S.K.: 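Pasting a structure here, questions to come.
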Amino acid sequence: IGYWIRPTAVGRGYVTEAVKLLTAFALDVLEAKRVEILCDERNVPSANVARRAGYVLEGVRHNDSLDTAGNVTSTMFFSRVPGDTA
């Protein structure tokens, strides 16, 4: 799951609510065996959305991509699987 929100809507819980709904749909209706959220290690708000939605931090892929300025960055990866609780 990926998400982006306009600055004027930040902090209102919209993204967390949407992630929870999409996750429930994927796991319960589509019977997905795994749902992932990836975000830049520096993006604390996105990581917090994943945590609030019950995702587990599985690890960090160090130096795996570049940001828009060409700096090397690392990616955190979170997951939910059937049976995890939100």
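None of these values were measured; they are calculated from a predicted model.
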S.K.: Any chain of hydrophobic side-chain contacts (each under 4.5 Å) joining Val15 to Leu22?
M.R.: yes
S.K.: Would Tyr14 end up clustered with Ile1 when hydrophobic side chains under 4.5 Å apart are linked, directly or stepwise?
M.R.: yes
S.K.: If you link ILVMFWY side chains whenever their heavy atoms are less than 4.5 Å apart, which other residues fall into the same cluster as Leu66? By chain and number, please.
M.R.: Val72
S.K.: For Glu17, give me all partners under side chain to side chain contact (heavy atoms under 4.5 Å, CB included), at least two apart in sequence or on another chain.
M.R.: Leu21
S.K.: Is there a donor in the side chain of Arg80 and an acceptor in the side chain of Thr23, or the other way round, less than 3.5 Å apart?
M.R.: no
S.K.: So, for Thr75 and Leu38, which heavy atoms are closest and what is the spacing to 0.1 Å?
M.R.: CG2-CB, 3.8 Å
S.K.: Looking at every heavy atom in both Ala47 and Phe78, which two are closest together, and how far apart are they?
M.R.: CB-CZ, 3.8 Å
S.K.: Step through the shown structure and confirm whether more than 12 heavy atoms of other residues, nucleotides or ligands are within 6.0 Å of CZ on Arg34.
M.R.: yes
S.K.: Verify, without hydrogens or angle tests, whether Tyr3 (side chain) and Ser46 (backbone) share a donor-acceptor contact under 3.5 angstrom.
M.R.: yes
S.K.: Kindly give the cluster partners of Trp4, where membership spreads through any ILVMFWY side chain lying under 4.5 Å from a current member.
M.R.: none
S.K.: Write out all pairs satisfying salt bridge (charged side-chain N to carboxylate O under 4.0 Å, His left out) with one or both partners inside residues 60-75, taking only residues at least two apart or from two chains.
M.R.: Arg42-Asp67
S.K.: Name all residues meeting the side chain to side chain contact (heavy atoms under 4.5 Å, CB included) criterion together with Ser74; count only those two or more places apart in sequence or in a different chain, and write none if there are none.
M.R.: Glu41, Val60, His62, Asn63
S.K.: Test side-chain contact (heavy atoms from CB on, under 4.5 Å) on Val35 and Tyr55 and set out the steps.
M.R.: CA-CA 9 Å; Val35 184; Tyr55 282 70; 3.2 Å; yes
S.K.: Which other residues belong to the hydrophobic cluster containing Phe25, where Ile, Leu, Val, Met, Phe, Trp and Tyr are joined when side-chain heavy atoms lie under 4.5 Å apart, directly or via other members?
M.R.: Val29, Leu30
S.K.: Please check if Val49 and Leu57 belong to a single hydrophobic cluster, counting links between Ile, Leu, Val, Met, Phe, Trp and Tyr side chain heavy atoms closer than 4.5 Å.
M.R.: yes
